[in-house]
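I have placed the structure first, in the form of structure tokens, so that the comments after it can refer back to it.
Numbers here simply count residues along the sequence, with the first being 1.
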Amino acid sequence: MQPRSTVAAPALPPFDYTVFGGTGDLALRKLLPALYLRDKAGQVADGSRIIGVSRSPLSPSDYRAKAEQAILQHVPADERDTGLIARFLERLDYVPVDATSDDGWRDLAERLENPPAQRNGAVRIFYLATSPGLFGPICDQLRAFGLATAESRVVLEKPIGRDLASAQEINDRVGAVFSEQQIYRIDHYLGKETVQNLLALRFGNSLFEPLWNANHIDHVQITVAETVGVEERGGYYDQSGALRDMVQNHLLQLVCLVGMECPISLAQESVRDEKLKVLRSLKPIGPDEIGGCTVRGQYRAGAVAGGAVPGYLDEPGIPPGSGTETFVALKLEIDNWRWAGVPFYLRSGKRLPAKMSEIVIQFRPIRHSIFPQAAGELQANRLIVRLQPDESIRLHLMTKEPGPGGMRLRPAALNLSFAQTFGGRFPDAYERLLMDVVRGNSTLFMRRDEVEAAWQWAEPIIDGWTARHEMPKPYIAGTWGPSQSIALIERDGRTWHDDEIPSAAF
Ligand code: BG6
């Protein structure tokens, strides 16, 4: 195992994080645990505050009790420290505010304008962990009550709208209060360690970049599979579906990082400019290609991890006969010099057999074989970037099987497991991103033009589905989606990478 760098996390200025939707699932499950873990790591300056805001009439001590429960539930046991939890809870405050009326806003303003005595200045951040319909009204109120200062920042959770027009409307409304530099649109996939590692892999090594193009790559597969169903989020999810919930944002961001040119630096605009070019190069999937290039699925009752689970239509909050997809598979192309003719196969779904996110770069077969007896055994090289769980990078190679008796070839993998190599805990994506906002670094956040370009490509697919009046194809929970997803890739003479081959450690 390689020792991790012992460089201490750089000190950050004190902050006031005001979390709208402060009692919601995201705040309790992700944001508060992430802020606690950063506090534990020594990154939260004294005098920093986290102010939960929602309509619920809670007192600050009720909120602290809720936060404590959330930390105990969602922070790994070996990271819970009674003393540090108590210190973190001290930083918490709560103000009941109604986003759509004037109720509570004066109290919030008063709280923000009266910081703890011991600190000198602070970064003011508003985190909108609410439904996107409230982004505009909240920003209007922040302006009306004088809270949106020139130095403050606003964080928007996805989804930014449900199509191009609604995304533009939100962006306009938020943009009327905050400048683009003050707006941080979160896509938490960009905060995942292995996603950032794509940049290191591609641009920190000389090995791959010369091969990273249509001359050497046959196709790319991106799978983001989940075992969970829609849980308590049926109301939101049924209005969204897998394409809006996962593809328009997370999977397209992964496509960008795989597909983009080398940015001139890691500076925020350079990286975002290159991602934008990929989004703008996506070949539109028009009405004639919908049937051949896309598959929608919806899970039926089945079994996941040995336990019976209900079908989508029997989940709480799902209207009878809903036609929302819980699975999507797509074939897309990046229409540019580097990638012309290389298909990217994407799939994502709920209630699949495993929680697993992976990018597979499938190289072309060798040009000429000198191993006639091994003809059927020769497999083209494959690079697999496992985003979660068990973060790793594996390179599948052909090797000679040891022993006498001729030249028998066998595939094996070089396996760079991050846990084995570096050890320790990998910070959750939100830990990185929440602190990037404090730092004022928006490299890993989406710019307005990126979000809109992603909708521009995704919306015709949704329109195409609507025009065809087709219900999603059923699949049994615990399987890899409808059979049409397998057909989508097999029609091209390829298969999804669901298998595993033995790996040899580096
Ligand atoms: C969210 C989606 O953005 O990402 C959820 O809204 C999904 O539906 C989640 O479950 C998946 O994130 P992760 O980090 O668990 O892969």
Side-chain angles (χ1 to χ4, degrees), residues 4-15 17 19 26-45 48 50 70-71 74-76 79 84 88 91 123 125-129 153-158 181-204 224 249-251 253-254 256-257 263 265-272 275 357 359 385-393 418-419 421-447 450:
R4 288 239 203 146
S5 152
T6 49
V7 177
L12 293 174
F15 56 75
Y17 243 110
V19 181
L26 181 75
L28 297 176
R29 211 162 38 86
K30 291 287 185 185
L31 306 182
L32 294 176
L35 287 165
Y36 160 72
L37 286 163
R38 287 296 91 206
D39 192 8
K40 182 170 181 284
Q43 260 192 330
V44 174
S48 296
I50 295 133
I71 288 167
H74 300 295
V75 168
E79 296 289 338
L84 295 178
F88 176 73
R91 305 191 193 282
V123 182
I125 303 168
F126 300 103
Y127 194 118
L128 311 194
R153 297 167 194 163
V154 66
V155 186
L156 307 181
E157 252 305 326
K158 64 162 264 282
Q181 287 67 35
Q182 294 174 281
I183 304 173
Y184 291 73
R185 297 177 190 82
I186 274 216
D187 184 313
H188 78 278
Y189 266 59
L190 292 177
K192 289 186 190 278
E193 280 292 325
T194 334
V195 175
Q196 293 166 58
N197 238 314
L198 278 170
L199 294 177
L201 179 77
R202 289 192 55 198
F203 306 125
V224 177
N249 33 72
H250 305 325
L251 277 87
Q253 286 294 319
L254 298 180
C256 287
L257 292 178
S265 74
L266 275 185
Q268 48 210 40
E269 299 313 339
S270 312
V271 173
R272 301 197 298 183
K275 287 196 291 157
S357 304
I359 299 172
V385 181
R386 171 65 74 92
L387 308 180
Q388 59 187 25
D390 310 326
E391 291 87 344
S392 65
I393 295 177
F418 290 99
T421 308
F422 298 107
R425 183 183 74 87
F426 293 108
D428 184 73
Y430 278 98
E431 289 179 56
R432 162 79 199 248
L433 297 174
L434 285 164
M435 291 299 118
D436 274 358
V437 182
V438 177
R439 251 177 228 117
N441 179 355
S442 54
T443 306
L444 298 177
F445 294 80
M446 292 184 295
R447 210 167 53 191
E450 282 183 76

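- Listed for the R153 side chain is a donor-acceptor partner under 3.5 Å among the backbone atoms of V438.
- V224 and S357 make their closest contact through CG1-OG, 3.6 Å (heavy atoms, listed as atom of the first residue, atom of the second, distance).
- Taken from CG in L444 to NZ in K192, the straight-line distance is 13.0 Å, to the nearest 0.5 Å.
- In summary, of the residues considered (T194, L257, V385), a side-chain contact (heavy atoms from CB on, under 4.5 Å) with I359 occurs for V385 alone.
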Problem set entry | Verdict with reasoning, Y184 to V154, per side-chain contact (heavy atoms from CB on, under 4.5 Å) | CA-CA 6 Å; Y184 291 73; V154 66; over 6 Å; no

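- Here the side chains of Q253 and E450 are in contact, with some heavy-atom distance below 4.5 Å.
- The two atoms that bring E391 and L387 nearest to each other are CG-O, 3.2 Å, heavy atoms only.
- With contacts defined as side-chain heavy-atom distances shorter than 4.5 Å, the pair L434/R38 does not qualify.
- Between V437 and Y17, some side-chain heavy-atom pair lies under the 4.5 Å cut-off.
- Nearest heavy-atom pair, D390 versus R386, reported as atom, atom and distance to 0.1 Å: O-CG, 3.3 Å.
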For this session: Evaluate the side-chain contact (heavy atoms from CB on, under 4.5 Å) criterion for residues L37 and R425: first the C-alpha distance (whole Å), next the side-chain angles of each, then the deciding distance (0.1 Å), finally the verdict.
Result: CA-CA 11 Å; L37 286 163; R425 183 183 74 87; 3.7 Å; yes

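- Between F426 and F418, the two ring planes are perpendicular [angle over 60°; tilted spans 30° to 60°].
- In this structure, K40 and F88 have side chains that are not in contact, with every pair of non-hydrogen atoms separated by 4.5 Å or more.
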For this session: Assess whether side-chain contact (heavy atoms from CB on, under 4.5 Å) is satisfied between L190 and K275, documenting all intermediate values.
Result: CA-CA 12 Å; L190 292 177; K275 287 196 291 157; 3.6 Å; yes

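- The side-chain heavy atoms of R432 and Q196, taken from C-beta on, include a pair separated by under 4.5 Å.
- The CZ atom of F445 sits 5.5 Å away from the CG atom of D436 when rounded to the nearest 0.5 Å.
- Side-chain contact between P427 and E193 is present, with at least one heavy-atom pair separated by less than 4.5 Å.
- Residues L12 and V123 form no side-chain contact, since every pair of their non-hydrogen atoms from C-beta on lies 4.5 Å or further apart.
- Residues P33 and Y430 form no side-chain contact, since every pair of their non-hydrogen atoms from C-beta on lies 4.5 Å or further apart.
- One distance of note links CG of L31 with CG of L433; it measures 10.5 Å at 0.5 Å rounding.
- Nearest approach of P14 to S48, heavy atoms of both residues: CA-OG, 3.3 Å.
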For this session: List the steps, then state whether side-chain contact (heavy atoms from CB on, under 4.5 Å) holds for F15 with I50.
Result: CA-CA 8 Å; F15 56 75; I50 295 133; 4.2 Å; yes

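- Checked for salt-bridge contact, R447 and E269 meet the test: a charged N lies under 4.0 Å from a carboxylate O.
- Closest approach of S442 and R272 over heavy atoms only: O-NH1, 3.3 Å.
- Considering all non-hydrogen atoms of both residues, Q43 and R439 come closest at NE2-NH2, 3.1 Å.
- For the residue pair T443 and N441, a side-chain donor N or O sits within less than 3.5 Å of a side-chain acceptor on the partner.
- Between Y189 and H250, the ring planes lie parallel to each other; the angle is under 30°, not in the 30° to 60° tilted range.
- Distance OH/Y127 to CG/L35: 9.5 Å, rounded to 0.5 Å.
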